[in-house]
K.L.:
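Dropping the structure in here first, questions after.
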Amino acid sequence: MKSDSVKKGISQAPHRSLFNALGYTEEERRRPMIGIVCSYNEIVPGHMNLDKIAEAVKIGVAMAGGMPVMFPAIAVCDGIAMGHIGMKYSLVTRDLIADSTECMAKAHGFDGLVMIPNCDKNVPGLLMAAARVNIPTIFVSGGPMLAGRIDGRKRSLSSMFEAVGAVAAGKMTVEKLAEYEEKVCPTCGSCSGMYTANSMNCLTEAIGMGLKGNGTIPAVYSARIRLAKEAGMKIMELVEKDIRPRDIMTKEAFMNAMAMDMALGCSTNTMLHLPAIAHEAGVELNMEIANEVSSRTPNLCHLAPAGPTYMEDLNEAGGIYAVMNELAKKDLLYLDLITCTGHTVRENIQGCVNTDPEVIRPIENPYMQEGGIAVLKGNLAPDTGIVKRSAVLPEMMVHEGPARVFDCEEDAIKAILGGKIVPGDVVVIRYEGPKGGPGMREMLNPTSAIAGMGLDTTVALITDGRFSGASRGASIGHVSPEAAVGGPIALVHEGDIISIDIPQNKLELKVSDEELAARRAAWQPREPKVNDGYLKRYAALVTSGNRGAVLELPRA
């Protein structure tokens, strides 16, 4: 066993004395040592139940003959961090989580790992760590929140943010806003729509690193505790068979994840996280292939914010395996890949039927023939621009209008809530990319304000930052190269005409090449808005959004 390096032999007597200090018995030390990586805390609603998940995992590990040892991972609540400097510290934690988990796993000689994340950066951060450390690993998340209910309709956090815009537009009373505040987030768990956290938990199932139900069983269901015990037992099988993350997270598995991404209508943040995880697994996942996958993969689900259904509904309809079964009908998945169950994808999804065609459309009757995400290109986004196509209204699939240019999110919010954005406009928010932010903030506040004020049918938003999975509308993010490195988005002037054609995957600035060249010659780099502490180091090392915002050492 790998853990023998810290438990067996004369030279390890000092190590054993420290295990004695921890209260571990000789019987426990003879067993495989399983690290339980738990991101429990008391500031993230999706994580407040993870102590219970961890205890259940530990029981499962012990029942199957292992020695469970828990250690922590950090987490930022994107909702609480939204709209202020805190959001600069969200994406950047993905790498802190991966790095610290690598340190803990390699320093202590674990034989296997059970990862217990739930929210936005913890799932990809721990998947990155799993690929990097490459010892047997399984995931079990905390599960999604139940939807709230207002006036007989299900609601979620995106409704809350949009309500703020509705109040600003005089379309909702402050009293109604207070009712939303009380009711939209009724339980613990990751927010109840197909936002980033739930997207990544669902894709953990699709890629083969989580058991059935990991992405969809609600946080407050007892089935979630049973799932945690099963994960604890299953890790012992993976250790015995030496099935490792890189055996599971192959190029074909990432293609399965991308196909499921398109079918589910996941958050655009998956287009940051999948390449970063693949990078750690030694797999090149270029975003160039996203449109190719999308072109052959129909969109089968319209969960909030794209539609009126929620994670609890997807769970009742059969969950991720039921969606995978629909895709398998048209040979859209690689089925003979090994997974954390010890079985293949084909074996896992056999008999998992779609029980609600209103939640999971049959593949013969999809919401759209193409997938939920599109990669746009053009002279404004030579590398990429990402849009959640499934959450764009039909009338905004093609749009042309004047640029309203802002160099930070705060200025854009002030203009939107101040009534200075009018139908037809294209709001441009720049210097919010991985380097320029730094930290690539999510733009849920401006997109929600636009939707809440009733402008989502006539106004688009483009940014080198990114969007929350709760954003909807013609919201195009990850524009690369970003403004901070002199990308074309830095050269846009107020009033320039911008053309968006989502069906044709095009994003164009209607300015001549000669004029753009003159503007580029006059452009000057800017200092990052925060230039100290961890963000200073992050800005120096981070790559563009189209590469997953991974960290690389500067070239000599």
K.L.:
To check you understand the geometry: which heavy-atom pair defines the closest contact between Ala328 and Leu333, and what is its length?
P.N.:
N-CD1, 4.5 Å
K.L.:
Within the 4.5 Å heavy-atom criterion, are Arg430 and Val492 side-chain neighbours or not?
P.N.:
yes
K.L.:
Please determine whether a side-chain nitrogen of the Lys or Arg among Asp496 and Lys510 lies less than 4.0 Å from a carboxylate oxygen of the Asp or Glu.
P.N.:
no
K.L.:
Under 3.5 Å, side chain of Asn41 to main-chain N/O of Val44, donor-acceptor pair present?
P.N.:
yes
K.L.:
Assess whether a salt bridge exists between Lys435 and Glu482, defined as any Lys/Arg side-chain N lying under 4.0 Å from an Asp/Glu carboxylate O.
P.N.:
no
K.L.:
Side chain to side chain contact (heavy atoms under 4.5 Å, CB included), that's the test. Do Lys88 and Leu535 meet it? Break it down for me.
P.N.:
CA-CA 8 Å; Lys88 294 179 185 292; Leu535 289 183; 3.9 Å; yes
K.L.:
If you compare all heavy atoms of Ala304 against all heavy atoms of Ser156, which two are closest, and at what distance to 0.1 Å?
P.N.:
CB-OG, 4.3 Å
K.L.:
Got a donor-acceptor contact below 3.5 angstrom from the Asn122 side chain to the Asn118 backbone?
P.N.:
no
K.L.:
Determine, stepwise, if the pair Val428 / Ile489 fulfils side chain to side chain contact (heavy atoms under 4.5 Å, CB included).
P.N.:
CA-CA 8 Å; Val428 176; Ile489 192 171; 3.9 Å; yes
K.L.:
How about Thr268 and Arg466: do any of their side-chain heavy atoms sit closer than 4.5 Å?
P.N.:
no
K.L.:
Between Met324 and Val345, does the side chain to side chain contact (heavy atoms under 4.5 Å, CB included) criterion hold? Intermediate values first, please.
P.N.:
CA-CA 9 Å; Met324 295 179 78; Val345 174; 3.7 Å; yes
K.L.:
What I'd like to find out is whether the side chain of Ser295 reaches to under 4.5 Å of the side chain of Met262, using heavy atoms alone.
P.N.:
no
K.L.:
For Glu400, is the CD atom crowded, meaning more than 12 foreign heavy atoms sit under 6.0 Å from it?
P.N.:
yes
K.L.:
Identify whether the distance between the nearest side-chain nitrogen and carboxylate oxygen of Glu552 and Arg547 falls below 4.0 Å.
P.N.:
yes
K.L.:
Any carboxylate oxygen within less than 4.0 angstrom of a Lys/Arg side-chain nitrogen, looking at Arg361 and Glu326?
P.N.:
no
K.L.:
Name the one of Ser190, Ser192, Cys266 that satisfies side-chain contact (heavy atoms from CB on, under 4.5 Å) with Asn198?
P.N.:
Ser190
K.L.:
Main chain of Ala483, side chain of Asp464: is a donor-acceptor contact present, judged purely on distance under 3.5 Å?
P.N.:
yes
K.L.:
Find the distance between CD1 (Ile97) and CG (Leu127) and round it off to the nearest 0.5 Å.
P.N.:
11.0 Å
K.L.:
What residues, two or more places apart in sequence or in another chain, satisfy side chain to side chain donor-acceptor pair (under 3.5 Å) together with Glu409?
P.N.:
none
K.L.:
In plain terms, say whether Lys121 and Asp78 are close enough for a salt bridge, that is, a side-chain N and a carboxylate O under 4.0 Å apart.
P.N.:
yes
K.L.:
Could you give me the CA-CA distance, side-chain angles and deciding distance for Glu162 and Arg472, then say whether salt bridge (Lys or Arg N to Asp or Glu O under 4.0 Å) is met?
P.N.:
CA-CA 10 Å; Glu162 291 180 14; Arg472 61 185 176 95; 2.7 Å; yes
K.L.:
Please report the interatomic distance CZ(Phe467) to NE2(His478), rounded to the nearest 0.5 Å.
P.N.:
8.0 Å
K.L.:
Side chains of Ile207 and Phe254, heavy atoms from C-beta outward: is any pair under 4.5 Å?
P.N.:
yes
K.L.:
Is it the case that atom CD1 in Ile43 sees more than 12 heavy atoms from other parts of the structure closer than 6.0 Å?
P.N.:
no
K.L.:
Please determine if Arg526 forms a cation-pi arrangement with Tyr431, meaning its NZ or CZ atom is less than 6.0 Å from the six-membered ring centre and no more than 45° off the ring axis.
P.N.:
yes
K.L.:
Taking all heavy atoms of Leu417 and all of Ala449, pick out the closest pair and write down the distance.
P.N.:
CD2-CB, 3.9 Å
K.L.:
Do the side chains of Arg441 and Glu410 get close enough for a salt bridge, i.e. N-O under 4.0 angstrom?
P.N.:
yes
K.L.:
Could you check whether any side-chain heavy atom of Ile462 comes within less than 4.5 Å of a side-chain heavy atom of Leu380, counting everything from C-beta outward?
P.N.:
yes
K.L.:
Is there side-chain contact between Tyr310 and Leu303, with heavy atoms separated by less than 4.5 Å?
P.N.:
no
K.L.:
What is the distance from atom OG1 of Thr216 to atom CD of Glu205, rounded to the nearest 0.5 Å?
P.N.:
5.5 Å
K.L.:
What are the two closest non-hydrogen atoms of Gly548 and Pro275, and how far apart are they?
P.N.:
CA-CB, 4.2 Å
K.L.:
Are a donor atom and an acceptor atom from the side chains of Thr270 and Ser199 found within less than 3.5 Å of each other?
P.N.:
no
K.L.:
Would you name the heavy atoms of Ser141 and Asn201 that are closest together and state the gap between them?
P.N.:
CB-OD1, 3.2 Å
K.L.:
Is a side-chain N or O of Asn505 found less than 3.5 angstrom from the main chain of Leu376, in a donor-acceptor match?
P.N.:
no
K.L.:
Main chain of Thr196, side chain of Asp120: is a donor-acceptor contact present, judged purely on distance under 3.5 Å?
P.N.:
no
K.L.:
Has Thr543 got a side-chain atom pairing as donor or acceptor with Val550's backbone, closer than 3.5 angstrom?
P.N.:
yes
K.L.:
Going from CG on Asn269 to CZ on Arg94, what distance comes out if it is rounded to the nearest 0.5 angstrom?
P.N.:
9.5 Å
K.L.:
Would you check, one step at a time, whether the test side chain to side chain donor-acceptor pair (under 3.5 Å) holds for Thr447 with Ser475?
P.N.:
CA-CA 7 Å; Thr447 58; Ser475 304; 5.1 Å; no
K.L.:
Roughly how far apart are Met160 CE and Leu157 CG, rounded to 0.5 Å?
P.N.:
8.5 Å
K.L.:
Please report the shortest heavy-atom distance between Gly545 and Met440, naming the atom on each side.
P.N.:
CA-CE, 4.3 Å
K.L.:
Are the side chain of His84 and the backbone N or O of Ile80 linked by a donor-acceptor pair below 3.5 Å?
P.N.:
yes
K.L.:
With side chains defined as the heavy atoms from C-beta onward, is the minimum distance between Leu50 and Ser39 less than 4.5 Å?
P.N.:
yes
K.L.:
Counting C-beta onward and ignoring hydrogens, is there a side-chain heavy-atom pair between Ile373 and Arg389 closer than 4.5 Å?
P.N.:
no
K.L.:
Show your reasoning for whether salt bridge (Lys or Arg N to Asp or Glu O under 4.0 Å) applies to Glu288 and Lys377.
P.N.:
CA-CA 10 Å; Glu288 301 289 332; Lys377 283 196 167 192; 2.5 Å; yes
K.L.:
In Å, rounded to the nearest 0.5 Å, how long is the span from CG of Leu126 to CZ of Arg132?
P.N.:
11.0 Å
K.L.:
Please tell me whether Tyr195 and Ser158 have a donor and an acceptor in their side chains that are separated by less than 3.5 angstrom.
P.N.:
yes
K.L.:
Assess the residue pair Val459 and Val427 against the criterion (side chain to side chain contact (heavy atoms under 4.5 Å, CB included)); give the C-alpha distance rounded to whole Å, side-chain angles, the decisive distance to 0.1 Å, and a yes or no.
P.N.:
CA-CA 7 Å; Val459 171; Val427 176; 4.1 Å; yes
K.L.:
Is a donor on one side and an acceptor on the other found under 3.5 Å between the side chain of Arg519 and the backbone of Glu514?
P.N.:
no
K.L.:
Between Asn256 and Tyr334 (side chain of the first, backbone of the second, donor and acceptor by atom type, cut-off under 3.5 Å), is there such a pair?
P.N.:
yes
K.L.:
Is it the case that the side chain of Asn134 and the backbone of Arg246 share a donor-acceptor pair, with hydrogens and angles ignored and the cut-off at 3.5 Å?
P.N.:
yes
